[in-house]
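Numbers restart at 1 for each chain; the letters A, B, ... are given by sequence-line order, proteins then strands.
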Amino acid sequence: MRPPNFIEQIIEADNASGKWGAWTAADAPSPDAVGKPRVHTRFPPEPNGYLHIGHAKSICLNSGLAKKYGGKFNLRFDDTNPSKEEQEYVDSIKADIKWLGADWDGPNGGGLFFASDYFEQMYGFAVDLIRKGKAYVCQLSADEVSKRRGTPSQPATSPHRDRPIEESLKLFLEMREGKHPNGAMSLRAKIDLASPNFNLRDPVMYRILHEHHHNTGDKWCIYPMYDWAHGIEDSLEQITHSICTLEFEDHRPLYDWFIDALGAPALRAGSGPADANNKVWHSQQIEFAKGRPTYTLLSKRNLLKMVSDKVVSGWDDPRMPTVAGLRRRGYPPEAIRAAWDEIGVTKVESWIDIGRIENAVRDHLNKVAPRYMAVLRPLKVIIENLPEGQVEWLDCVNNPEDPAAGSRKVPFSRELFIEREDFMEVPAKKFFRLALPPTGQEVRLRWAFFIKCVGVDKDPAGNITAVRCTYDPATRGGDAPDGRKVKGTLHWVSATHALPAEVRLFDRLFKVEQPGAATENFMDDFNPHSLEVVTAMLEPALASARVGDRVQFERNGYFCLDRDSTPGKPVWNRTVTLKDSWAKAQ
RNA sequence: AGGGGAUUGGUGUAACGGUAGCACGAGUGACUCUGACUCACUUAGUCUAGGUUCGAAUCCUAGAUCCCCUGCCA
């Protein structure tokens, strides 16, 4: 068991002290959770883009915590800015999260929410704050607010700060009623114009935006800002631990200020549930560091540029670090979850070796992916002592790691394909595969027969067109009755039964670990060879594969049937290669 | 400049005043009907300088380096 991370330590301390109270029969995630300490997390995406592997960290963290501590996990769309948000993103985010296995409506699900569902309550809370003298309507333009922001040593200013409460109330109502154009005024919290933390210099709570909202339509023309809205959303959903990334650390005083301003004066950060003394549920904001995978870009701007410049085929291009891309590439959600769990959660900003994530993919697929034989770069082999037309159907083990996976029949005939790189006329040192005599040794064709090379055919240009071999019928199944051993085992496909297929071999999108670090322009580091397309020969059993199926092509890697496949024209994506110590040694 | 954070092998992490450990990577070997998987061994670390202490990654002082903050974005 890995040791608890710092967030888990906080939760365990809270559970021990009873800070958040216990689940009641009315709201427990399950009957046996009643009376147990509350742990309630959420993932609050803004629906303005596609989810990527970095978001997956937060999703796994938050939903994993709910599961681990028998609590609840909410999916909540933080849809407070209609000018950037669209229904399309709501749908894709839901699909991605579901696929990742974060159960907002499963056993530890707390439900699906929208910040926009709280707009009316937020408005009421804002009026409360104005009445308490803690917020005011400011008629400075955005530009002027910015100019008057001050410096670390000079406080900000606003001429409207001491406006009478009644006047702010009236103007705020007019804002809501649409009597003023965008930017004419805003509602600001009255906090501290001289604070060294600029977030506290009377931050804007509401701005005027005459825009259509994907959820509330045209009901509103004022929209709450993140800092004002987020704590309320957490509070209304009785979130216990509000987990966000490091850049919100200096927003925490503001998060706490707003909740305190609404509740009892004695509230402190993470003070817990509402009770007689606490009018407002005060969630605890906790910040953790994002993880940046090497050879990868995650910023929305940069991903968008790759999509619009068409250097990738779209947001779900299998080379993209988006959840949709990874899914299409064949990454199993279990592997993504395992990878982030192994990597851990801290406040240290770090680079994540992309190889770790790939390893997690191999690790999972090794256990579950059925094996097949497919030749990526075919070289013809002719078995001279096997008569034309004769077909041997051989039993092949589907998954040596999983006896329950059973076996299948694979045809063996006079003409076969093997991998080009599995043959050398003159074998290199420690090359255990097929080679010309006298140095060439006997090799095994997997689950089939031992074969020996007896010659090669070449075209006039000297290119090898076929390798001539003989087989030993006594080695049927792949073992010699006399006990002799071979050093190499090759995968193969019967040429007459082979299924041609397009196979897309992906490599990293960038040539360097930290794209853009050297020249500011990340496209300087773009890897022009990140996609290679080959026509491979597959064993016939693969004909029944369905889109999304994940299999191992023996000795080649893990592959996933792409949605571009059409009947008779399959397209396979290489998810990840197998480790290859032979290639590495070369 | 001011404010908020961070710093342990190549990478990611653990330690909560008491033996610096784990995982990944890398290297070597064993095994093998996938040069995969698995197994064994090896490799390498507390940002710096002082101080407190029997004892410091941990506490104190000073410094260094890196990240974030002056949107009516989230």
>> Please name the nucleotide paired to B:rU13 by Watson-Crick or G-U wobble geometry with both distances under 3.5 Å, or report none.
In response: B:rG21

> Out of B:rA6, B:rA74, B:rG12, which has the shortest distance to the side chain of A:Val348?
Replying inline: B:rA6

>> Tell me whether the ring of A:Trp582 lies stacked over the B:rG35 base, given a 5.5 Å limit on centroids and a 30° limit on the plane angle.
In response: yes

> With sugar-phosphate meaning primed atoms plus P, OP1 and OP2, does A:Ile343 contact a base, only sugar-phosphate, or nothing at under 4.0 Å between heavy atoms?
Replying inline: sugar-phosphate

> Is the NZ atom of A:Lys487 crowded by more than 12 outside heavy atoms at less than 6.0 Å?
Replying inline: no

> Using purine N1 to pyrimidine N3 plus N6-O4 or O6-N4 for Watson-Crick, or N1-O2 and O6-N3 for G-U wobble, each under 3.5 Å, what pairs with B:rC39?
Replying inline: B:rG29

> At under 4.0 Å between heavy atoms, what does A:Lys487 touch on the DNA or RNA strands: base, sugar-phosphate, or nothing?
Replying inline: nothing

>> Could you identify the nucleotide paired to B:rU53, looking across every strand shown and requiring Watson-Crick or G-U wobble geometry with both distances under 3.5 Å?
In response: none

> How would you label the contact of A:Tyr223 with the nucleic acid (heavy atoms, under 4.0 Å): base, sugar-phosphate, or nothing?
Replying inline: nothing

>> Quick check on RNA chain B: between A:Glu85 and A:Gln552, whose nearest nucleotide comes earlier from the 5' end?
In response: A:Gln552

> Applying a 3.5 Å limit to both distances, which nucleotide forms a Watson-Crick or G-U wobble pair with B:rG2?
Replying inline: B:rC69

> How far, in whole Å, is B:rG5 from B:rC60 if one measures between their P atoms?
Replying inline: 15 Å

>> Are there over 12 heavy-atom neighbours, none belonging to A:Lys347, within less than 6.0 Å of that residue's NZ?
In response: yes

>> Would you measure the distance from the C1' atom in B:rC73 across to the matching atom in B:rC22 and give it in whole Å?
In response: 41 Å

> Judged by atom type as modelled, is there a donor-acceptor pair below 3.5 Å linking the side chain of A:Asn199 to the main-chain atoms of A:Asp250?
Replying inline: yes

>> Nearest to the side chain of A:Pro196, heavy atoms from C-beta on, is which of B:rA74, B:rG3, B:rU34?
In response: B:rG3

>> Once hydrogens and angles are ignored, does a donor-acceptor distance under 3.5 Å link the base of B:rG25 to the side chain of A:Asp353?
In response: no

> Reckon A:Glu46 touches a base, only the sugar-phosphate, or nothing at all at heavy-atom distances under 4.0 Å?
Replying inline: sugar-phosphate

> Closest to the A:Pro3 side chain: B:rC72, B:rA14, B:rU70?
Replying inline: B:rA14

> Should A:Lys579 be listed as having a side-chain N or O under 4.0 Å from OP1 or OP2 of B:rC37?
Replying inline: yes

> Does B:rG35 have OP1 or OP2 sitting under 4.0 Å from an N or O in the side chain of A:Thr489?
Replying inline: no

> Distance between the P atoms of B:rG4 and B:rU61, in whole angstroms?
Replying inline: 15 Å

>> Could you check whether A:Phe119 and A:Tyr206 have their ring centres less than 6.0 Å apart?
In response: no

> Base, sugar-phosphate alone, or nothing: which one does A:Ser581 contact when heavy atoms must sit under 4.0 Å apart?
Replying inline: sugar-phosphate

>> If you compare every side-chain N and O of A:Arg555 against the phosphate oxygens of B:rC37 (OP1, OP2), does one of them come in below 4.0 Å?
In response: no

> How are the rings of A:Tyr255 and A:His230 set to each other: parallel, tilted or perpendicular (split at 30° and 60°)?
Replying inline: tilted

> Looking only at side-chain N and O atoms, does A:Arg149 come under 4.0 Å of OP1 or OP2 in B:rC72?
Replying inline: yes

>> Just to be sure I understand the rule, does A:Pro400 reach a base, reach only the sugar-phosphate, or reach nothing, if contact means heavy atoms closer than 4.0 Å?
In response: base

> Do we get A:Arg508 above A:Phe510's six-membered ring, with its NZ or CZ under 6.0 Å from the centre and within 45° of the axis?
Replying inline: no

> Choosing from B:rC73, B:rG4, B:rU34, which nucleotide comes nearest the side chain of A:Arg207?
Replying inline: B:rC73

>> Could you tell me the Watson-Crick or G-U partner of B:rU46, where both distances fall under 3.5 Å? Say none if there is no partner.
In response: none

>> Just N and O in the side chain of A:Lys584: are any of them under 4.0 Å from OP1 or OP2 of B:rG27?
In response: yes

>> In this structure, is the centre-to-centre distance between the rings of A:His364 and A:Tyr331 below 6.0 Å?
In response: no

>> Of the options B:rC72, B:rC67, B:rG35, whose atoms approach the side-chain atoms of A:Phe431 most closely?
In response: B:rG35

> Hey, is the side chain of A:Ser146 poking within less than 4.0 Å of OP1 or OP2 on B:rC72, counting only N and O atoms?
Replying inline: no

>> Under 4.0 Å from OP1 or OP2 of B:rG25: is there any side-chain N or O of A:Asn359 that close?
In response: yes

> Contact class for A:Asp479 (heavy atom, under 4.0 Å): base, sugar-phosphate, or nothing?
Replying inline: base

> Heavy atoms under 4.0 Å, any strand shown: does A:Gly344 hit a base, just sugar-phosphate, or nothing?
Replying inline: nothing

> What distance, rounded to whole Å, do you find between the two P atoms, one in B:rG21 and one in B:rU38?
Replying inline: 24 Å

> B:rA64 and B:rA26: how far apart are their C1' atoms, nearest whole angstrom?
Replying inline: 31 Å

>> Nearest to the side chain of A:Gln9, heavy atoms from C-beta on, is which of B:rA6, B:rG2, B:rA15?
In response: B:rA15

> How do A:Asn399 and A:Thr80 order along RNA chain B: which one's closest nucleotide is nearer the 5' end?
Replying inline: A:Asn399

> Considering only the P atoms, how many Å lie between B:rU28 and B:rA44, rounded to the nearest integer?
Replying inline: 16 Å

>> Distance criterion of 3.5 Å, no angle test: do you see the side chain of A:His491 paired donor-to-acceptor with the base of B:rA36?
In response: no

>> Ring centres under 6.0 Å, that's the criterion: do A:Tyr372 and A:Phe553 meet it?
In response: no

> By centroid distance (under 5.5 Å) and plane angle (under 30°), are A:Phe432 and B:rG35 in a stacked arrangement?
Replying inline: yes

>> Determine whether a donor-acceptor pair (one donor, one acceptor, N or O, separation below 3.5 Å) exists between the side chain of A:Glu249 and the base of B:rC67.
In response: no

>> Taking only the P atom of each, what is the distance from B:rA6 to B:rU53 in whole angstrom?
In response: 28 Å

> Pick one for B:rG71: is it syn, with its angle within 90° of 0, or anti?
Replying inline: syn

> Closest to the A:Asp363 side chain: B:rG25, B:rU38, B:rG2?
Replying inline: B:rU38

> Quick one: are the ring centres of A:Trp492 and A:Phe412 less than 6.0 Å apart?
Replying inline: yes

>> Need the pair for B:rA64. Rule: Watson-Crick or G-U wobble, both distances under 3.5 Å, any strand; none if unpaired.
In response: B:rU7

> Of the nucleotides B:rA36, B:rU70, B:rA74, which one has an atom closest to the side chain of A:His251?
Replying inline: B:rA74

>> What contact category does A:Gly355 fall into here, base, sugar-phosphate, or nothing, at under 4.0 angstrom with non-hydrogen atoms?
In response: nothing

> Taking the same atom, P, in B:rG71 and in B:rG9, what whole-Å distance lies between them?
Replying inline: 36 Å

> With a cut-off of under 6.0 Å to the ring centre and 45° to the axis, is A:Arg176 in cation-pi contact with A:Tyr123?
Replying inline: yes

> Contact class for A:Ser83 vs. all strands (heavy atom < 4.0 Å): base, sugar-phosphate, or nothing?
Replying inline: nothing

>> At less than 3.5 Å, do the side-chain atoms of A:Arg371 and the base atoms of B:rU34 form a donor-acceptor pair?
In response: yes

> A:Leu246 has a side chain; which of B:rG71, B:rG5, B:rC72 sits nearest to it?
Replying inline: B:rG5

>> Counting the atoms with a prime plus P, OP1 and OP2 as sugar-phosphate, which does A:Ile222 contact under 4.0 Å by heavy atoms, base, sugar-phosphate, or nothing?
In response: nothing

